[in-house]
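These numbers come from a predicted model, not from an experiment. Throughout, a chain's letter reflects where its sequence line sits, starting with A, and its residues are numbered from 1.
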Amino acid sequence: MNFTDYTFLVIAIGTAILGAVCGMLGSFAVLRKQSLLGDAISHAALPGIAIAFLITGAKESNVLLLGALISGLVGTFWIRGIITKTHLKSDTALGLILSLFFGFGMLLLTFIQKQPNANQAGLDKYLFGQAATLLIADVYLMAIVTGLCLFVLLLFWKEFKILLFDADYTKTLGFNTKFIDVLITSFIVLAIVLGLQTVGVVLMSAMLLAPAAAARQWTNSLSTMVILAAVFGAFSGVFGTVISASQNNLSTGPVIVIVAGVFVLVSFVFSPSRGLLFKQIRFMKNRRDLELYKTLSFMHHIAETHEDISHPHSIKLLNNFQGFTRKTLQELEEKNYITISGLNWSLTPEGFEKASNLYNQNFKDE
Amino acid sequence: MSNPIAIKVDDLTVAYNYKPVLWDIDLEIPEGVLMAIVGPNGAGKSTLIKSILGILKPIAGSVSIYGKPYKKQRDLVAYVPQKGSVDWDFPTTALDVVTMGTYGALGWIKRPGQKEKKAALEALEKVGMLPFKGRQISQLSGGQQQRIFLARALVQNASIYFMDEPFQGVDATTEIAIINILKELRKAGKTVVVVHHDLQTVPEYFDWVTFLNVKKIATGAVKDIFNDDNLTKTYGINFKVSVNK
């Protein structure tokens, strides 16, 4: 495979742009706890593609994507309608619309496949995506939408942020929350529709969620999160394309999604503040420190009974206390809290000071 | 009281689905009072505040702030929602949340600048949270989060403050800090309306009270109407609260 090949470049740039815009918008979906919305929208887009084909008979991707956009939007507003007008919870509404629209879309696809029409083949690429069919015109469209999205994001950054954090409060400040909400949702729908050709109906929501979920692990700032998610998304697109191009017959969409999944996995394990690994390390270190301090405070109790705090005591005295080992004694000595000579230990002034302040909340150590 | 009426509610009726939550509420709140709204769970206390603020749409009735519709008087009003109404794991800092209080005055698109940041820092100082300005909000205790919410409302520099259970789940230190700020607001001539649960502290904290249980039971000065009779009417059981008058 030649990585300077024109087709390859088109696909790589296309998937990178797609990954970036999905990452940006996915951050908002994740923070609004609307992770499943993307899945519902992408599935809801399928009947639109089929109907657009039935009406126009064309395979031209822009026409089909317009159909996808319309049915995706219809699905979204039905979901909202169900949530506000009935007692159904949002997950039920999402699941309902997702499967209904997808089922209807599949029905139409099988119907189309039985038609005596040479053009019909190829519609099923929208199920799992086929990046190889990306044309430079498609990439231009993606770039324009991404640019527009970026512009709107920067323009209404403050409004987006406050709506995500506290919608009711936003309303009392006089902002039209419905407008902001529709704006975000419309862009999410648009990004999903753009990705259908590349990643497909079934896997599209992963493009939206994976980079955002990964990015959340690394930062506590919204702007950094959005930028990181865009970067992760773009890299997923490029890596995925490279891998699928160098291994014949691997379809690009699933590979991109798996690369994005690797980003998530790595982030969840290795992020310094929220990652599982460092959490576990911190947890174990805390436990060890606690064991040390328990031993120290036990020694402190004994030492308190003497005028001279550094009076040596026998190590045997500690046998009443279960939590100590040779190793804890060694560590305490390393920290300069005690000194050990032969079978005796004695507290140092530092150790005494430390032990007397152990349970004092107002005494900040380290 | 000869003070002007700050908030006037007429025939307010609100319902979720079929059951009315608030029924035909008429209420006049004079300027400069520190008022508690008390009532049992489900009495519609939060709903009353949210309807006044236009977050919920009433079936009937109207609200006016200093004689004009609320929509025209928004900048006179600040709101402190229940602490539990937002996700505190949101990626942002204490200072950033408080700065959100300036967004209303900024309007659409315009970003907060030095002036807004300074106002937010002053508000943080007032609630004793300045040392925590850069702290990620999930790393704050419940009481600290409540103070951040209070600071965000203080930044708005409003005339009327609505607070939804600001003392819920906070420790004694925060409770005292908050009530001192509320009393300061009253001293400055502001009107403060608080959804409150702890009946014991009503006479100590507030000078005005509204009893609510779907309908308005009573409203007026604490010293006049905070008695066993109204408590019994509101809570439906015989009440003997020792009220030190």
Heavy-atom pairs under 4.5 Å with chain A are the metric here; pick the option from [options] that has the most.
options                  : result
K110(B), M100(B), K71(B) : M100(B)
G54(B), S85(B), P91(B)   : P91(B)
D96(B), V80(B), I137(B)  : D96(B)

Could you tell me which portion of [X] (side chain, backbone, both or neither) has an atom closer than 4.5 angstrom to a non-hydrogen atom of chain A?
X      : answer
V97(B) : side chain
L56(B) : neither
Y70(B) : side chain

Side chains of [X] and [Y] in contact at under 4.5 Å (non-hydrogen atoms):
X       : Y       : value
Y79(B)  : D166(A) : no
W108(B) : L155(A) : no
L173(A) : Q156(B) : yes
N220(A) : T93(B)  : no

Residue part contacting chain B, namely of [X], when any heavy atom lies under 4.5 Å:
X       : value
L31(A)  : side chain
K33(A)  : side chain
F179(A) : side chain
R274(A) : side chain
F175(A) : both

Closest contact, heavy atoms only, [X] versus [Y]:
X       : Y       : result
R216(A) : D89(B)  : NH2-O, 2.5 Å
K158(A) : P112(B) : CD-CD, 4.0 Å
G107(B) : E159(A) : O-OE2, 3.7 Å

Can you tell me if [atom1] on [X] sees more than 12 non-hydrogen neighbours from other groups inside 6.0 Å?
X       : atom1 : value
R287(A) : CZ    : no
K183(B) : NZ    : yes
F90(B)  : CZ    : yes
W23(B)  : CH2   : no
Y16(B)  : OH    : yes
W157(A) : CH2   : yes

Among the listed options T170(A), N176(A), T219(A), T172(A), the residue most often paired with chain B at heavy-atom distances under 4.5 Å:
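The answer is T172(A).
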